[in-house]
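Have a look at the structure below, then the notes.
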Amino acid sequence: MKHLWFSLMMSICTIIAFGLAMIPLIQLTNGLADLIRNDASGFSVEIKVVWFLPVVLLAIIEAIDCLWNKRKNKSSFWIYPLVNPSDDERERAITAKASHDAFFTIWAVAPICAGLMCFYPLFTDVFSIYPMVVVLIIPFVQVTVYYLKIRRIYM
Amino acid sequence: MLNAMHLVNRVKELRARYNWTQSELGERVGVTRQTIASIEKGDYVPSLLLGLQLCDVFRLRMEDVFELEKGADKE
């Protein structure tokens, strides 16, 4: 159960860290857009490396955990830190049900997020990462639903 | 009219007779301790294969381990 909650926390942190790492890239494309709009000859953008630190930090933690628990981790390296319990038929059935529920949650959440994107023009200047936040709500909800469902395996 | 049916089992009783823990029984049939606990509580209905494996380790017939319990009729 502890491993499950650790995996959930790491998954949510990964989504947040990925969103934070996108901030300087959005600033960069905003600068590029201004350059095109104003037909200027050049532009300068200040990219703060600090936004990439959470991703780097998580990568280190995940690499340590992945190597430390190499024998226990049966899942692919590429889906880390997600877990996919499938030790026996009951675990496979619960995991399949959790995946099914997570899929249908996306069916409901994606149109809501598309609706939220309609408000982007209101936040263009004050909250430039708004689209990134809205898009990342989708995997956040999906992962949360998936873990809440597979926790039944350990109950 | 629908018949509500439940599968009841004697896994807990038989396991106690053999003096096995849930983990030991799980190892014998290739499932986790939690799965044995769920079967004993009636929360999980095992597949035919797992049911037959359980019967095999207890050296009993299917009807001696599992029983279909018919509930009240529903309209």
Side-chain angles (χ1 to χ4, degrees), chain A residues 1-12 62 64-105 141-155, chain B residues 2-69 71 74:
Chain A
M1 196 65 148
K2 270 183 192 171
H3 177 68
L4 189 74
W5 294 123
F6 174 74
S7 177
L8 172 62
M9 284 301 116
M10 288 300 282
S11 304
I12 291 171
E62 289 178 10
I64 291 167
D65 182 55
C66 198
L67 292 170
W68 195 263
N69 298 314
K70 209 173 181 180
R71 283 182 190 170
K72 286 184 201 168
N73 290 334
K74 291 167 191 165
S75 305
S76 162
F77 171 79
W78 299 107
I79 66 159
Y80 191 87
L82 296 175
V83 290
N84 181 35
S86 55
D87 280 346
D88 63 25
E89 60 174 50
R90 179 175 155 271
E91 288 192 1
R92 281 192 290 274
I94 294 173
T95 304
K97 179 75 170 63
S99 304
H100 170 276
D101 292 348
F103 173 78
F104 281 101
T105 305
V141 174
Q142 187 184 31
V143 159
T144 308
V145 169
Y146 178 76
Y147 277 90
L148 287 176
K149 295 288 177 178
I150 62 166
R151 81 184 201 284
R152 273 186 54 212
I153 288 173
Y154 306 100
M155 289 167 88
Chain B
L2 291 168
N3 281 330
M5 292 193 188
H6 302 281
L7 191 70
V8 288
N9 66 72
R10 294 171 54 217
V11 173
K12 193 174 183 177
E13 176 199 330
L14 293 165
R15 181 174 62 77
R17 190 182 292 176
Y18 280 83
N19 210 16
W20 290 335
T21 63
Q22 289 178 336
S23 302
E24 283 168 345
L25 178 58
E27 273 174 35
R28 282 168 195 273
V29 294
V31 297
T32 59
R33 183 192 62 77
Q34 287 92 345
T35 299
I36 297 296
S38 291
I39 292 169
E40 286 181 358
K41 279 193 283 180
D43 291 343
Y44 177 68
V45 178
S47 68
L48 181 60
L49 179 67
L50 179 56
L52 286 169
Q53 281 177 315
L54 287 166
C55 295
D56 188 52
V57 295
F58 292 133
R59 295 187 185 125
L60 289 169
R61 291 176 305 167
M62 191 64 122
E63 56 266 38
D64 296 327
V65 182
F66 297 97
E67 192 184 339
L68 199 59
E69 197 178 69
K74 282 183 184 177

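Chain letters run A, B, ... following the sequence lines, proteins first and then strands; every chain starts at 1. Only this structure's heavy atoms are used, side chains among them; waters, hydrogens and symmetry mates stay out.
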Check the surroundings of atom CZ in A/Phe103: do more than 12 heavy atoms from other residues, nucleotides or ligands lie under 6.0 Å from it?
no

Which residues satisfy the salt bridge (charged side-chain N to carboxylate O under 4.0 Å, His left out) test with B/Glu69, sequence neighbours excluded?
none

Donor-acceptor pairs between chain B and chain A under 3.5 Å, which ones?
residue: B/Thr32; atom: N; partner: A/Asp88; partner atom: OD2; Å: 2.8
residue: B/Thr32; atom: OG1; partner: A/Asp88; partner atom: OD2; Å: 3.0
residue: B/Thr35; atom: OG1; partner: A/Asp88; partner atom: OD1; Å: 3.3
residue: B/Thr35; atom: OG1; partner: A/Asp88; partner atom: OD2; Å: 2.6
residue: B/Ser38; atom: OG; partner: A/Arg90; partner atom: NE; Å: 3.1
residue: B/Ser38; atom: OG; partner: A/Arg90; partner atom: NH2; Å: 3.4
residue: B/Tyr44; atom: OH; partner: A/Glu89; partner atom: OE2; Å: 2.8
residue: B/Ser47; atom: N; partner: A/Glu89; partner atom: OE2; Å: 2.8
residue: B/Ser47; atom: OG; partner: A/Glu89; partner atom: OE1; Å: 2.5
residue: B/Ser47; atom: OG; partner: A/Glu89; partner atom: OE2; Å: 3.4

Might you confirm whether atom CD of B/Glu13 has over 12 heavy atoms from other residues, nucleotides or ligands at distances under 6.0 Å?
yes

Interchain contact, A/Ile94 with chain B, by part (heavy-atom threshold 4.5 Å):
neither

